[in-house]
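Below is one structure; the comments refer to it alone.
Read the numbers this way: they start at 1 and go in the same order the structure lists the ligands and their atoms. Side chains are part of it too, since the values below use all heavy atoms of this structure and drop only hydrogens, waters and symmetry mates.
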Amino acid sequence: MALKQMGIVSDYEKIRTFAVAIVGVGGVGSVTAEMLTRRGIGKLLLFDYDKMKLANMNRLFFQPHQAGLSKVQAAEHTLRNINPDVLFKVHNYNITTVENFERFMNRISNGGLEEGKPVDLVLSCVDNFEARVTINTACNELGQTWMESGVSENAVSGHIQLIIPGEPACFACAPPLVVAAHIDEKTLKREGPIRDLPEGITVAYTVPQKQEDSVPEVTVEDSGESLEDLMAKMKNM
Ligand SMILES: *[C@@H]1O[C@H](CO)[C@@H](O)[C@H](O)[C@H]1NC(C)=O
Ligand SMILES: [Zn+2]
């Protein structure tokens, strides 16, 4: 193992003993889940309430035939094929509702590799403030170490924050600038599923036509724009 030879980790095999919860299986969460699966994590708990849409095809592991499945089911299916030795538990609900918050807390504190033990790490890969605050509240209450992540709208920059409850400072105490400055997060979001790609860049996928008049075929159009035009557009985003 390269990481071991480089002295970055002393006991790589220990990864088999860890349980990690990933909240949000979008751009960040799907890549994170796949990396941990390939590296041989012991157990992965996936939380997301969303369904798979063809617009999610820009995400690493989603496949066209999975459209209509919940995101966590689609993720589990793909990940299990990559590494069947990982124990997967998927949770298809909105963690911010009152009753689901209790279920979420229960899984964080009892859903470890050994049932009844807490998970080892929670990774926040969500795209909204409400869900981040929910994760923060749960982890503060449980003394659970977690990591917060975020990616800018144009996907050019992002942030990661390690939060250990009891050590300064939690997500609520040290919120991102947008929140601290009382900017309404919604004003920063554009509608549409593939909002982090600049206009002119088209997503390359083709929907296989299973039967007549099922899903219409989507084809890729060449934008015909020069690189300079695209760069200029990105600067204005
Ligand atoms: C999730 O639940 C919260 C709290 O009830 C609600 O505000 C939010 O709209 C829900 N999200 C979705 C996508 O249903
Ligand atoms: Zn705090």
Got Q161 and F171 here, is their nearest side-chain heavy-atom distance under 4.5 Å?
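Yes - at least one pair of side-chain heavy atoms lies under 4.5 Å apart.
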Can you confirm whether I95 sits close enough to I135 that some side-chain heavy atom of one is under 4.5 Å from a side-chain heavy atom of the other?
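Yes; the side chains approach each other to less than 4.5 Å.
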What is the SG(C170)-the Zn ion (ligand 2)-SG(C173) angle, to the nearest 10 degrees?
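Taking the Zn ion (ligand 2) as the apex, I get 120° for this pair.
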Atom indices of ligand 1 within 4.0 angstrom of T97 heavy atoms, with elements:
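Answer for ligand 1: 2 (O), 5 (O).
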Distance under 4.0 Å to a non-hydrogen atom of N94: what atoms of ligand 1 satisfy this?
1 (C), 2 (O), 3 (C), 8 (C), 10 (C), 11 (N), 12 (C), 14 (O)
My question is simple, although I want it checked carefully: is atom 14 (O) of ligand 1 less than 4.0 angstrom from any protein heavy atom?
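Given the 4.0 Å cut-off, atom 14 (O) of ligand 1 counts as touching protein heavy atoms.
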Please check: side-chain N/O of S30 versus main-chain N/O of V25, any donor-acceptor pairing under 3.5 Å?
no
Of E34, Q73, Q66, the residue whose pairing with T78 passes side chain to side chain donor-acceptor pair (under 3.5 Å):
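When E34, Q73, Q66 are each tested with T78, the side chain to side chain donor-acceptor pair (under 3.5 Å) holds only for Q66.
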Y93 six-ring centre to R103 NZ/CZ under 6.0 Å and within 45° of normal
yes
Can an N or O of T96 be found at a distance shorter than 3.5 Å from an N or O of ligand 1?
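Between T96 and ligand 1 (N or O atoms, distance only) the closest approach is under 3.5 Å.
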Specify the protein heavy atom at minimum distance from atom 7 (O) of ligand 1: its residue, its atom name, and the distance to 0.1 Å.
E130 OE2, 3.5 Å
